[in-house]
Every structure is written in C-alpha cells, then in structure tokens.
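Single-structure report; data block below.
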Amino acid sequence: MLTLKFIQENPQQVIDGLAKKRFDAAGIVQSIIALTESKNQTQAKADKAKAEMNNTARDIGLLLRNGKTEEAGQAKERTAILKESIREMDQSFAETDEKIQQLLVQLPNIPCNLVPWGKSAEDNEVIRSGGSFPEFAAEALPHWDLAARYNLIDFELGVKLTGAGFPVYRGKGARLQRALINFFLDEARKAGFEEIQPPFMVNEASGFGTGQLPDKEGQMYHATLDNFYLIPTAEVPVTNIYRDVILDAKELPVKNCAYSACFRREAGSYGKDVRGLNRLHQFDKVEIVEIAHPEKSYEVLEEMVTYVESLVKKLELPYRIIRLCGGDMGFTSAMTYDFEVWSAAQQKWLEVSSVSNFESFQSNRLKLRFRDEAGKKPQLAHTLNGSALALPRIVAALLENNQTPEGITIPAALVPWCGFDMIN
RNA sequence: GGAGAGAUGGCUGAGUGGUCGAUAGCGGCGGUCUUGAAAACCGUUGACCCGGUGACGGGUCCGGGGGUUCGAAUCCCUCUCUCUCCGCCA
C-alpha cells in the first residue's frame with residue numbers, strides 16, 4: 001500500500017498516477033487527508049492528556065511514599081475524569097485510523113512513468129521478441145493430444161484423485177517436470193540467486209504481508225482447521241521472510257529464488273482457456289525475488305528481465321516481452337513485464353512469466369526496511385519478483401513447438417537435466 | 001494427543017506494582033593508545049507516531065488482544081508460539 005506521508009504530500013500525483021490504472025482516486029485521497037488531519041488532532045490532545053496522567057500517577061506515588069495519604073486521595077479523584085476522556089479519545093483515534101487503513105488498502109500502486117496508457121491487453125507495448133516460429137508439414141497437435149499420445153500427462157486421472165486442474169504427470173512427462181525445475185533452479189543459482197525452500201502453506205499474517213489477504217481470499221485454498229493458506233506462488237513465503245526486517249544497505253540487493261508448487265482456486269475461469277495445461281489449480285514454478293535499494297530498483301528490474309529472457313532463449317522458444325499498459329497491470333505493481341511464448345498448435349501467445357517492480361508498495365505493508373548507514377533512519381526498500389519460470393505453459397509450448405513425426409525433441413540446453421533428448 | 005515451563009531491546013540475560021524504554025554481558029558504531037591491527041580503556045547504540053524550520057518536547061511499544069489499578073514488563077483472563085517429559089510417528 002502507498003504510504004500515508006506520500007499521499008499527504010503529493011495528493012495530485014497520486015490521483016494523476018492512478019488515472020493511468022483507470023482508477024479514480026480523488027474521493028479516497030480527499031477522505032484520507034481529511035481523516036488524517038482529524039486523527040492527528042485527536043492524537044495531539046490524547047497525548048497531552050496522557051502526559052498529564054503520567055505526571056499525576058507519578059506524583060501520587062511520591063505522596064504515598066511520604067505518607068500524605070489524603071493528598072494522594074484527592075489526586076486520585078482528579079484522574080477519573082482524565083481517564084475517561086483518554087478512553088474516548090483513544091477510541092476515536094482507533095476508529096479514524098481504521099477508516100484510513102480501509103481506504104489506504106483500496107488504492108493501487110502508482111504506475112511508473114514508463115508505463116503506457118491503455119485500458120486492456122491490446123494496449124500493451126511489445127518491447128522485443130525472439131526465437132522463430134516452427135513450421136509443420138502436417139497440422140500441429142495441441143499439447144493435450146500429444147500428452148495423451150506419449151502418455152506424459154493424465155488429466156482424467158487427476159480428476160479421479162482430486163479434481164479438474166490437478167493433472168498427473170507420468171513417465172517422461174514427470175521427468176520433464178523435474179528436469180525443468182532443476183534447470184531453472186540451477187540457472188538461477190548461477191545468476192547469483194540464493195535458493196530457498198519455503199513452506200507451501202502460510203499463516204494469515206503472511207497472506208496479509210504480500211497482499212493476498214484480505215482481497216484475494218477466495219483465490220487461495222484455505223486449510224480452515226489450522227487457518228493456513230496454500231501458497232499461490234513462492235513469492236508469498238519468500239517475500240514474507242523479510243516482513244518486519246531492517247536490512248543493512250550493504251546486504252542489498254537481496255536475491256532469492258525458490259521452487260514451489262503453486263495452488264490457485266482460479267474461481268471464475270472456464271472454457272478453452274482452462275484446457276490442458278493452460279490454467280491449473282496446482283502447478284510448479286520457480287520464482288525469483290529481489291529486494292533492492294530504491295535508487296537501483298529499475299536497474300534490477302531490467303536485469304531480471306534479461307535473466308528471464310536468457311531462459312526462454314535457452315529453451316529455444318519463440319517469445320515476446322511485453323510492457324503492460326496501465327489498465328492491464330496488477331493492483332500492487334509499479335511496472336510489469338510479461339513474457340509470452342508462442343503455442344504453435346493453439347496459435348496463441350501463452351504468458352509464462354510476469355516480472356514486476358513493486359517499489360515500496362509491498363514493503364510498506366511488510367515493514368521491510370533498510371538502513372543506509374548506522375544511526376540513520378531506516379527507509380522502505382523496494383521489492384521485485386518474477387517467474388523464472390512457470391512450468392505448465394512452458395511444457396505446453398515445448399511439446400507443441402517441438403513435435404516431429406518421430407516424436408518430440410528436447411532443446412539441447414535441457415538434455416543434461418532430462419537425461420533424454422526425444423519423447424517418442 | 002496428555003502434563004509442565006517459558007516468551008524482555010541485534011543476541012544472551014536481569015527485573016515480580018511506582019521516574020523502567022528497562023541492570024549487565026556480547027555484538028555494532030565513534031574515539032584514545034598503536035606504523036597498522038588485536039587487546040585494553042572511554043563514549044555511544046531500539047522502533048513507531050504527534051507537535052516544531054530546528055534544538056527539542058510529548059506519546060506508544062517488554063509475544064498478540066483484553067482486564068484490574070491513580071500507576072503494569074511485573075497481577076488477572078485469553079490467544080499464539082517455543083521448550084521439556086510422556087504418547088504416536090515419516
């Protein structure tokens with residue numbers, strides 16, 4: 001969430017910035033400023049009363065020690081009124097603060113200047129593309145047909161065991177999953193990311209920290225008996241490592257990577273978008289997370305994009321990198337690049353990675369700060385993350401694009417991790 | 001799952017109703033000494049909020065929440081977590 005101070009000091013910048021996300025912030029900003037003013041006045045009054053109370057209590061202690069019981073009794077009577085007014089002011093303060101918090105969490109992050117105007121995916125900006133489109137003699141088969149033909153993925157069996165969107169990978173299909181996970185983790189390690197193996201379930205506080213709660217509650221699986229949530233991405237546990245942490249500037253940038261299974265209820269999805277591997281309730285992903293100095297975060301973002309690009313290049317997939325327009329961006333992001341790979345049989349681009357700079361939007365809620373030098377005040381760090389990469393659509397594209405009459409070929413870079421170069 | 005003990009500042013650890021944001025040690029930072037370093041010695045060292053241009057002043061925070069009291073780290077209730085023993089077990 002945005003910081004109160006920033007909104008107070010730059011109300012117009014907030015309103016103008018959020019217009020790019022097609023969000024009308026004028027009313028909320030105005031309310032926040034008015035409420036904050038009233039909250040501050042209440043605090044000033046309450047603090048004064050509390051100071052008086054503290055002094056009186058101290059005096060009573062001294063009087064009692066000196067045996068002046070009567071005077072102490074008189075002082076006690078005076079505190080009763082004071083006490084009641086403090087109670088009222090504290091209550092009013094808490095109520096106002098609660099209102100402000102409720103308004104604050106409604107404000108999306110402000111897009112950075114580079115973000116193009118636009119209202120939907122059509123207005124996104126293609127930054128660059130690479131790889132070549134495959135050509136086929138016969139008609140290309142979609143990955144669900146190929147998965148069945150080579151016995152790689154059993155979607156129906158997943159339905160039997162759990163439900164739709166929980167596929168069972170088997171044989172070379174399972175080995176391909178494992179190979180991709182290891183490939184992505186090893187590449188990330190070589191690029192300087194520390195590997196983390198996080199819990200796949202998190203508590204409520206972590207859900208709040210990264211903003212899944214309270215808004216996207218319905219998108220997460222919830223183990224109600226213990227009040228744990230299955231993670232929708234490793235971003236949640238990994239970023240929450242740094243909740244309530246003050247880092248030393250020397251430690252920046254922090255670079256972490258993590259594999260996790262990801263669980264998403266995907267309530268509301270239907271139709272051909274969910275066919276095969278296109279949209280699943282459980283899937284595998286390697287995530288990269290960075291914590292950067294505010295002055296460096298956009299450099300870091302570009303580095304992350306370059307890194308993710310190196311992965312799709314090694315997998316020899318036709319890809320394009322897109323800068324999302326304001327209208328298509330997520331709530332928490334200041335700038336997002338999406339990576340898409342071409343699905344030859346479905347004849348469409350599939351999103352396989354989303355790399356974002358959240359600036360201080362996440363760290364404000366997380367209370368993730370750093371200290372430039374000893375003695376100086378801590379300030380909010382910038383957080384960034386990206387998929388590097390999500391498996392299912394990569395697998396879909398690999399299967400579809402590399403199909404030959406003899407079988408499916410494995411990109412050379414992946415063969416050492418797979419242990420085979422052909423699925424047939 | 002049953003029984004017991006505990007949660008204090010970056011860490012260890014005192015403090016059981018009255019100037020306690022909190023003794024002490026370690027660590028960190030600054031200095032003296034040294035060619036330099038170590039050792040020793042001296043000083044310093046939490047976060048957040050409000051008011052003030054500022055010096056500074058005030059407030060909140062001793063796991064979370066609530067209560068008792070003029071006054072709570074200290075007493076009571078409750079939740080969470082940790083440890084020990086027993087049970088079970090990959």
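Reckoned from all heavy atoms, side chains included, excluding hydrogens, waters and symmetry mates. Each chain gets a letter, A, B and so on, in the order the sequences are listed, and its residues count up from 1.
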Rounded [atom1] spacing from [N] to [M] in Å:
| N | M | atom1 | answer |
| --- | --- | --- | --- |
| G63(B) | A5(B) | C1' | 16 Å |
| A40(B) | G57(B) | P | 35 Å |
| A7(B) | G64(B) | P | 13 Å |
| C11(B) | G28(B) | C1' | 11 Å |
| C61(B) | U68(B) | P | 16 Å |
| U69(B) | G17(B) | C1' | 9 Å |
| C76(B) | C86(B) | C1' | 31 Å |
| U16(B) | A22(B) | C1' | 14 Å |

Looking at [Y] and [X], is any side-chain nitrogen of the basic one under 4.0 Å from a carboxylate oxygen of the acidic one?
| X | Y | result |
| --- | --- | --- |
| Arg189(A) | Asp186(A) | yes |
| Glu299(A) | Lys296(A) | no |
| Asp90(A) | Lys50(A) | yes |

Would you classify [X] as touching base, sugar-phosphate or nothing, given that sugar-phosphate means primed atoms plus P, OP1 and OP2, and contacts are heavy atoms under 4.0 Å?
| X | result |
| --- | --- |
| Leu62(A) | nothing |
| Ala75(A) | nothing |
| Asn54(A) | sugar-phosphate |
| Arg65(A) | sugar-phosphate |
| Thr56(A) | nothing |

Nearest-angstrom distance from the residue atom [atom1] of [X] to [atom2] of [N]:
| X | N | atom1 | atom2 | answer |
| --- | --- | --- | --- | --- |
| Asp244(A) | G46(B) | CG | C1' | 14 Å |
| Arg369(A) | G10(B) | CZ | P | 11 Å |
| Asp248(A) | U45(B) | CG | C1' | 14 Å |

We want to know whether Tyr298(A) and Glu359(A) form a side-chain donor-acceptor pair, criterion being a heavy-atom distance below 3.5 angstrom.
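Present: a donor and an acceptor within the cut-off.
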Base-pairing assignment for [N] (Watson-Crick or G-U wobble, both under 3.5 Å):
| N | answer |
| --- | --- |
| G1(B) | C86(B) |
| C11(B) | G25(B) |
| G30(B) | C42(B) |
| G6(B) | C81(B) |

Between Ile246(A) and Lys50(A), which has a closest nucleotide on RNA chain B that is more 5'?
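Taking each residue's closest nucleotide, the earlier one in sequence belongs to Ile246(A).
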In terms of the nearest nucleotide of RNA chain B, which residue is placed more toward the 5' end: Arg87(A) or Glu52(A)?
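Its nearest nucleotide lies further toward 5', so the answer is Glu52(A).
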Please find the pair of heavy atoms, one from Lys255(A) and one from Ala191(A), that lie closest to each other, and give the distance.
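Smallest interatomic distance, heavy atoms only, reads NZ-O, 2.9 Å.
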Determine whether any donor atom in the side chain of Asp47(A) lies under 3.5 Å from an acceptor atom in the base of G59(B), or the reverse, and answer yes or no.
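By the distance-only test, no, there is no pair.
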How about CD on Glu37(A), more than 12 heavy atoms from neighbouring residues, nucleotides or ligands closer than 6.0 Å, or not?
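No.
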